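Report on the following structure.
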Amino acid sequence: MKKITAVYPGTFDPVTYGHLDIIERSSSLFDKIIVTIALNTNKIPMFTKEERKDMLVNVTKKFDNVVVDDFNGLLVDYVLKKKASVIIRGLREISDFEHEFQMSLTNRKLEPSITTIFLMPNEKYTYLNSSLIRELASFKADVKCFVPVYVFKKLKQKFEGE
Ligand code: COA
């Protein structure tokens, strides 16, 4: 039977329980998941590529069909290069829809053989994003309920030098 590889792209600055929820759902649906850090977005990340990768590798090691990577350039080119056929995106709220719809249709126009699949995280993570977590951590708020322990420690090191 044909094996399906799915690519889950994002900035992951840093990875949160919301992302992990999507990774877990994807891991049970597809044969292989490539979680990949997009390097050429307009965002100026707080964590370096290596730091973001290290956190992703650490928090996804329990899934034996998940690998972590990064890419530059067009997402559809990367997906083809990896012989994947699916792009995974999380849909948290209605406000995500417009941007995701635009990206998904653009990617389909660029490469019709690739399908974007949207997954909804558990509702307890729908209001989360990485900027919010960075902001809370910068004010020394306790973000343990939003990110895995390993990421929590890295945030503490970044902001409190601990
Ligand atoms: N849980 C928690 N937060 C989530 C989440 C989830 N399940 N899903 C998304 N988010 C948050 C992210 O943390 C991020 O927060 P931030 O803005 O505070 O950092 C935000 O939602 C946006 O998500 P992200 O996954 O980082 O996507 P993006 O919109 O920044 O980038 C790419 C999307 C990388 C897929 C897109 O820019 C891309 O494909 N780039 C490559 C170039 C290309 O091909 N461009 C053409 C695209 S049509």
Side-chain angles (χ1 to χ4, degrees), residues 5-30 33-49 51-56 59-60 63 66-82 84-139 141 143-152 154-155 158-159:
T5 298
V7 168
Y8 180 35
T11 312
F12 303 110
D13 188 34
V15 56
T16 69
Y17 276 139
H19 296 120
L20 209 50
D21 180 289
I22 299 291
I23 293 169
E24 186 166 4
R25 287 172 203 281
S26 312
S27 142
S28 64
L29 289 171
F30 302 102
I33 316 298
I34 307 174
V35 180
T36 191
I37 302 169
L39 300 175
N40 61 340
T41 62
N42 296 327
K43 296 179 179 173
I44 301 168
M46 183 182 80
F47 287 103
T48 64
K49 172 182 91 177
E51 288 170 328
R52 285 179 281 158
K53 223 169 170 172
D54 170 61
M55 287 184 273
L56 275 169
V59 303
T60 59
F63 307 110
V66 174
V67 296
V68 178
D69 194 18
D70 60 77
F71 76 104
N72 259 306
L74 270 186
L75 177 60
V76 289
D77 290 342
Y78 173 83
V79 174
L80 287 180
K81 200 172 93 192
K82 293 289 163 185
S85 53
V86 170
I87 296 171
I88 306 282
R89 293 291 290 166
L91 263 192
R92 292 160 299 165
E93 297 172 313
I94 288 288
S95 53
D96 281 343
F97 184 76
E98 222 171 304
H99 176 58
E100 293 299 335
F101 189 67
Q102 183 187 37
M103 282 202 298
S104 155
L105 290 181
T106 307
N107 284 330
R108 190 198 279 171
K109 185 81 187 158
L110 291 172
E111 185 45 64
S113 68
I114 298 171
T115 300
T116 302
I117 292 187
F118 296 100
L119 297 175
M120 281 182 288
N122 186 307
E123 63 275 10
K124 65 185 178 201
Y125 302 130
T126 49
Y127 61 95
L128 280 188
N129 66 24
S130 301
S131 331
L132 181 73
I133 283 158
R134 291 196 305 273
E135 184 177 333
L136 291 173
S138 77
F139 292 117
V143 293
K144 257 196 232 87
C145 54
F146 302 132
V147 294
V149 179
Y150 189 77
V151 176
F152 176 72
K154 296 290 167 186
L155 280 163
K158 197 60 105 184
F159 290 110

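Since the structure is predicted, the reported quantities are computational estimates derived from the model, not experimental observations. Just follow the structure's listing: the first ligand is 1, and inside any ligand the first atom is 1.
- Counting heavy atoms closer than 4.0 Å to ligand 1, residue L74 contributes atoms from both its backbone and its side chain.
- Put simply, CG on L20 and CG on L56 are 9.0 Å apart, with the number rounded to the nearest 0.5 Å.
- Under a cut-off of 6.0 angstrom, the local environment of CZ in R108 is sparse, with at most 12 non-hydrogen atoms contributed by other residues, nucleotides or ligands.
- Ligand 1 has a nitrogen or oxygen under 3.5 angstrom from a nitrogen or oxygen of G18.
- In this structure, the ring pair (Phe, Tyr, Trp, His ring centres under 6.0 Å) partners of F97, at least two apart in sequence or on a different chain, are F101.
- Among all protein heavy atoms, the one lying closest to atom 34 (C) of ligand 1 is A38 CB, 3.3 Å.
- Put simply, atom 38 (C) of ligand 1 has no protein non-hydrogen atoms near it, under 4.0 Å away.
- Annotation for M120: atom CE does not count as buried by contact number, only 12 or fewer foreign heavy atoms lying within 6.0 Å.
- Of all protein heavy atoms, the one lying nearest to atom 20 (C) of ligand 1 is K43 NZ, 4.0 Å.
- Here L75 has heavy atoms under 4.0 Å from ligand 1 in both its backbone and its side chain.
- When only interatomic distances are considered, the shortest N/O to N/O separation between T41 and ligand 1 does not fall below 3.5 Å.
- The closest protein non-hydrogen atom to atom 3 (N) of ligand 1 is L128 O, 3.2 Å.
- For Y125, no nitrogen or oxygen atom sits less than 3.5 Å from a nitrogen or oxygen atom of ligand 1, counting backbone and side chain alike.
- The shortest distance between side-chain heavy atoms of S130 and H19 falls below 4.5 Å.
- Under 4.0 Å from ligand 1, the heavy atoms of T16 that appear belong solely to its side chain.
- On a distance-only criterion, T11 and ligand 1 share at least one N/O pair closer than 3.5 Å.
- Close N/O approach between P121 and ligand 1 is not found [any backbone or side-chain N/O within under 3.5 Å].
- Nearest protein neighbour of atom 29 (O) of ligand 1, counting heavy atoms only, is H99 NE2, 3.2 Å.
- Using a 4.0 Å cut-off to heavy atoms of G73, the atoms of ligand 1 that qualify are 41 (C), 42 (C).
- Sorted by first and then second residue, the salt bridge (Lys or Arg N to Asp or Glu O under 4.0 Å) pairs involving residues 90-101 (not counting sequence neighbours) are R89-E100, R92-D96.
- For ligand 1, none of its N or O atoms has an N or O atom of N40 under 3.5 Å away.
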